[in-house]
Amino acid sequence: MREALSGPERLAVAVLSEPASSGGATLLGVALTRAEPRGPVFYLPVGHRYLCCPDQLPLSTVVPGLGDLLAARPLIGHDLKSTVKALHPLVLALCHDTMLASYLLNPGRRNHSLAELAAEHLGLQIPVADGPGSDPEQRPVADAAARLARELDVVLSLERLFDDRLAQAGLTKLFAQVEMPLIPVLDGMERAGILVDPEVLAALGQELATELAALEGKIHLLCGETFNVNSPAQLSRILFEKLKCPVIRRTKTGYSTDSDVLLSLEHDHKVEVARHVNEYRHLAKLKGTYVDALPRLISPTTGRLHTTFNQVVTATGRLSSVDPNLQNIPVRTPVGMRIRRAFHAPPGHLLLSADYSQIELRILAHLADSGFLKAAFARDDDIHRRTAARMFGMAEDQVTPDVRSRAKAINFGILYGMSAYGLSREVGISQDEARVFMDQYFAQFPEVRTYIDQQLKRARENGFVTTLTGRRRYLPQIQSTNGNERSFAERTAVNTPVQGSAADLIKIAMLAVHRRLADGRFRARMLLQIHDELVFEVPEEEAGPLSDLVKIEMERAMTLAVNIRVDLKAGRSWADLK
DNA sequence: GGTAAGACGTA
DNA sequence: CGTACGTCTTACCT
């Protein structure tokens, strides 16, 4: 499980209570407290872990019934592995929701959890924190734990139930060979952390503060009064009531002031202040979310930034990243790139980024078995340009940037299960035109049409769709008589196999790369995963060999009907990768 | 202190 | 009324 642990450690049983609004779920874990930078680790069943920072633990209480039980059994003190193993059945029985197990079995139905299974099995009422007259969280949880302790044998049968469910769903292999082994890989990445230069950010912060103040002044001047530009409500009042700007779109509570609306006001209605507000929002967002926030999260002991990768929250099988989220570091704008510049390699090292090229479209080509797409990728063509040429029956060199970008919008739209309505909105054409547009696409790419129809059929017949590894997403709403709900489920049925298979692919690649790095010949470390990209920190002299290794392992992680291409870049900082 | 809504950063 | 996330701010709740 975990070989090398440093610093003071203490084992405790903890109960984590989720807010009542989420159903009063309870969650029991084994906490291993340890030194910075990661804080306690919660090990959930068979090594599922919950990583939390100490100060963010909403509640941590030793459960009396469980504590007694533990004391009665020689669990604590030897090694972590045996301890966790011994605790496993108890933990399993009380775990609720957001667990990998329940997730693998039933990612689309958050309410259906192992806690409910346990309750059903034991005839036990799983405590609900906001139940009528119940003492907040602890007592019923403790009661439940004590009862479970007395019924260990029943609990053990739950384990078998879990295994059976996994096997029934064909998920044993995914669980045992991908998700479980990935845990120590993610843990290594979190512990490694990434270097961020607080001085670069501090300087940028100063600059942004000045610029924001100037923008705010301009906005107030143009609006004839001072107000809080950060408040959509106040801005809305100024723009649409005081200045009588035309209302472009409504939100459920008022008038929308999002960046598209402001862009329209600027260009179509000559509202000069709109541009300033957009600029203000952009800078304020980057300053608040990254420039100011990131330095505060740098670990005092490692001097680095350590994220937490969540393995069990997404519906598609992707990872997510929190505290901080290092999967959404800006990249599109000049200020964004200046933030990336603060992410850097230590002296004598480089950051190496390896990203899958057009991975979702390649997976679509594979899943739909599209001859045209496969051939285009085999030739390493500009896929959007090829799509445009094919759709509109023109030569490739006739494709203008505008036409190409429309084809690109369609390609993405297909991946997201887009409707004619959605396309019309995205490309700025009428719904009828969009319909013609899409018909043209499907006429040229009939296998894609077939693929979409097939996924919808599967979703309706099975109640779920699957990724290449068999990972499931349940879509009960596919049967809904509510058109919006049903449409959403239909788009999901199209998108999840693509997005989820890409997630499967990179997870398998991470395992392969990790194994190669673990053999001791490299000092390089994997630091980040950003959905289709892996970021490494590598001693300069290893950059060449590591690049070769990473490219090979990522490209051969799965064998598809299309070739897979990985692009590599390296540099001193995340902003100057070449 | 907690939450909803709006907005916006990434793939 | 194209997917998947996490975080910020305001505004309002208890």
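Atoms considered below: every heavy atom in the structure, side chains included; atoms not considered: hydrogens, waters and symmetry mates. Chain A is the first sequence line, chain B the second, and so forth, proteins listed ahead of strands; every chain is numbered from 1.
With hydrogens and angles ignored, the 3.5 Å screen pairs no side-chain donor or acceptor of A/Gln431 with any backbone N or O of A/Ala420. Side-chain N or O atoms of A/Arg341 include none that pairs as donor or acceptor with a backbone N or O of A/Val200 at under 3.5 Å. Side chain of A/Ser501 to backbone of A/Leu468: a donor-acceptor contact under 3.5 angstrom is found. A/Gln479 places a side-chain N or O within 3.5 Å of a backbone atom of A/Arg460 that can act as its donor or acceptor partner. Between the side chain of A/Tyr290 and the backbone N or O of A/Asn328 there is at least one donor-acceptor pair closer than 3.5 Å.
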Verdict with supporting geometry, A/Asp382 and A/Arg404, salt bridge (Lys or Arg N to Asp or Glu O under 4.0 Å): CA-CA 10 Å; A/Asp382 175 335; A/Arg404 182 183 179 278; 3.0 Å; yes

Residue pair A/Gln327, A/Leu319: steps toward the side chain to side chain contact (heavy atoms under 4.5 Å, CB included) verdict: CA-CA 9 Å; A/Gln327 290 180 321; A/Leu319 300 175; 4.2 Å; yes

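Place A/Arg296 and A/Gly417 on DNA chain C by their nearest nucleotides, and A/Gly417 ends up nearer the 5' end.
Counting non-hydrogen atoms under 4.0 angstrom, A/Gln234 reaches the backbone sugars and phosphates but no base. As judged by a 4.0 angstrom heavy-atom cut-off over every strand, A/Gly413 is placed among the base-contacting residues. Within the 4.0 angstrom heavy-atom criterion, no nucleotide atom of any strand lies near A/Ser487. At a threshold of 4.0 angstrom between heavy atoms, the contacts of A/Ala293 are confined to the sugar-phosphate backbone, with no base atom among them. If you check every strand for non-hydrogen atoms under 4.0 Å, A/Asn484 touches nothing.
One atom, CD1 of A/Ile363, and another, P of C/dA4, lie 16 Å apart when rounded to the nearest Å. Put simply, CE on A/Met438 is 11 Å from P on C/dG2, counting in whole angstrom units. The separation between A/Tyr280 atom OH and C/dT9 atom P is 10 Å, rounded to whole Å. A/Glu216 places its CD atom 14 Å from the C1' atom of C/dT9, with the value rounded to the nearest Å. Atom CD in A/Glu360 sits roughly 12 Å away from atom C1' in C/dG2 (whole-Å rounding). Atom CG of A/Leu475 is separated from atom P of C/dG2 by 18 Å (rounded to the nearest Å). For the pair A/Leu239 CG and B/dG6 P, the interatomic distance rounds to 16 Å; values are reported in whole Å. The distance between atom CD of A/Glu490 and atom P of C/dT3, rounded to the nearest whole Å, is 12 Å.
Contacts classified as side-chain hydrogen bond (donor to acceptor under 3.5 Å, both in side chains) and involving residues 205-220 of chain A (residues at least two apart or in different chains) are given here: A/Glu207-A/Arg338.
Within the 4.5 Å cutoff, side-chain heavy atoms of A/Val498 are placed close to those of A/Leu367.
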Could you list all N or O pairs between the protein and nucleotides 7-11 of chain B that sit under 3.5 Å apart?
residue, atom, partner, partner atom, Å
B/dA7, OP1, A/Thr257, N, 2.6
B/dA7, OP1, A/Thr257, OG1, 2.9
B/dA7, OP1, A/Asp258, N, 3.4
B/dA7, O3', A/Arg281, NH1, 3.4
B/dC8, OP1, A/Arg281, NH1, 3.4
B/dC8, OP2, A/Ser259, N, 3.0
B/dC8, O2, A/Lys285, NZ, 2.9
B/dG9, N2, A/Asn328, ND2, 3.3
B/dG9, N3, A/Asn328, ND2, 2.9
B/dT10, OP1, A/Val331, N, 2.7
B/dT10, OP1, A/Arg332, N, 3.0
B/dT10, OP2, A/Arg332, NE, 2.7
B/dA11, O3', A/Ile530, O, 3.2
B/dA11, O3', A/Asp532, N, 3.3
B/dA11, O3', A/Asp532, OD1, 2.9
B/dA11, N3, A/Arg318, NH1, 3.1

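At the phosphate of C/dT3, OP1 or OP2 sits under 4.0 Å from a side-chain N or O atom of A/Arg491.
Comparing the same atom, C1', in B/dA4 and in C/dG2 gives a spacing of 25 Å after rounding to whole Å.
Looking at A/Gln477 and A/Ser480, their side chains never bring a donor and an acceptor atom within 3.5 Å of each other.
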Strand DNA chain C as a dot-bracket string - pairs counted if Watson-Crick or G-U with both distances under 3.5 Å, | where the partner lies in another strand: ..|||||||||||.

